[in-house]
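For reference, the structure discussed in these notes is given below.
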Amino acid sequence: MSTITRSTFKLIAVAATVAALTLAGGGVANAKTGGVPAIPLNNEQAGVPDTGASGFLRYNITGSEFCYRLEVRHLSAPVTVGHIHVGARNSKGAVVIPLEVGKGTDWTVSSCVAATPMVLEEIAANPRGYYVNVHSENYKAGEIRGQLK
């Protein structure tokens, strides 16, 4: 019987952990290649109680397009619109990119929308200066929100 050195054992343990996480999906949501990790949407919207709504945004800037996958669950009422806004955390800002949204209170949309090169360059340079906001019939100013990263 051969003996396993401590460093060999650690290497095997790390490899087994990576393999298990890969097979199980790892519990981490990832954007498409070149994109950003999933951005959680929650009740960060000022003045809105926690309605239980949530979601995720994954995005990628491709040429003159903002490509994204937006997942929304448990809105308190059907969705009305979704946007990318300019604005730091806890502040309101103007809409810079309108997003296509689904219907109802639970949906997922994957799409690409054209945007001005200047806006896309600014988002790429300072994503934390922008946020995604999903509006519902009950919360016209937005029900869930997430800061880009």
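Here the structure is a predicted model, which is why all the values come from computation and not from measurement.
Closest approach of Gly87 and Ser91 over heavy atoms only: C-OG, 3.7 Å. Across all non-hydrogen atoms, the minimal contact from Ala38 to Phe56 is CB-CD2, 3.7 Å.
Cluster membership check: Val81 does not share its hydrophobic cluster with Leu99, using side-chain heavy-atom separations under 4.5 Å among Ile, Leu, Val, Met, Phe, Trp and Tyr. Hydrophobic cluster membership is shared by Ile39 and Val119, with clusters built from Ile, Leu, Val, Met, Phe, Trp and Tyr side chains linked at under 4.5 angstrom. Cluster annotation: Leu57 and Val48 are assigned to distinct hydrophobic clusters (Ile/Leu/Val/Met/Phe/Trp/Tyr, side-chain heavy-atom contacts under 4.5 Å, transitive). Taken together through direct or relayed side-chain contacts under 4.5 Å among Ile, Leu, Val, Met, Phe, Trp and Tyr, Val113 and Val72 form part of one hydrophobic cluster.
Checked by atom type and distance alone, the side chain of Asn133 never pairs as donor or acceptor with a backbone atom of His83 at under 3.5 Å. Within the 3.5 Å criterion, the main-chain N or O of Tyr139 finds a donor-acceptor partner in the side chain of Ser136. The closest donor-acceptor contact from the side chain of His74 to the backbone of Ala53 lies at 3.5 Å or more, if one exists at all.
Residues Thr108 and Arg69 are in side-chain contact: their nearest non-hydrogen atoms beyond the backbone lie under 4.5 Å apart. Val79 has its side chain out of reach of Thr105: every pair of non-hydrogen atoms, C-beta onward, lies at least 4.5 Å apart. Annotation: side chain of Lys149 is in contact with side chain of Arg128 (closest heavy-atom distance under 4.5 Å).
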- request: Check step by step if side chain to side chain contact (heavy atoms under 4.5 Å, CB included) holds for Leu70 and Trp107.
  value: CA-CA 8 Å; Leu70 179 58; Trp107 44 267; 3.7 Å; yes
- request: With side chain to side chain contact (heavy atoms under 4.5 Å, CB included) as the test, would you mind laying out the steps for Val132 and Leu41 before giving the verdict?
  value: CA-CA 8 Å; Val132 58; Leu41 282 66; 3.8 Å; yes
message: Does Ile123 form a side chain to side chain contact (heavy atoms under 4.5 Å, CB included) with Tyr59? I'd like the steps, not just the answer.
response: CA-CA 11 Å; Ile123 290 173; Tyr59 75 93; 4.1 Å; yes
task: Kindly determine whether Phe66 and Asn60 satisfy side chain to side chain contact (heavy atoms under 4.5 Å, CB included), including the steps that lead there.
output: CA-CA 6 Å; Phe66 184 87; Asn60 191 15; over 6 Å; no
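With values rounded to the nearest 0.5 angstrom, His85 atom NE2 is found 10.0 Å from Lys92 atom NZ. Within the model, atoms SG of Cys67 and CZ of Arg58 stand 14.5 Å from one another, a figure rounded to the nearest 0.5 Å. Going from atom OH of Tyr68 over to atom CD1 of Ile61 covers 14.0 Å, rounded to the nearest 0.5 Å. Atom CG of Leu148 and atom CG of Asn126 lie 9.5 Å apart (nearest 0.5 Å). If you take CZ on Arg73 and CG on Leu75, they are separated by 10.0 Å, rounding to the nearest 0.5 Å. Atoms CD and OG, on Glu71 and Ser110 in that order, are 8.0 Å from each other to the nearest 0.5 Å.
Of the N and O atoms on the side chains of Thr80 and Glu137, not one donor lies less than 3.5 Å from an acceptor on the other residue. Of the N and O atoms on the side chains of Gln147 and Tyr130, not one donor lies less than 3.5 Å from an acceptor on the other residue. At a cut-off of 3.5 Å, with distance as the only test, a side-chain donor of Asn138 or Ser76 sits close to an acceptor on the other residue.
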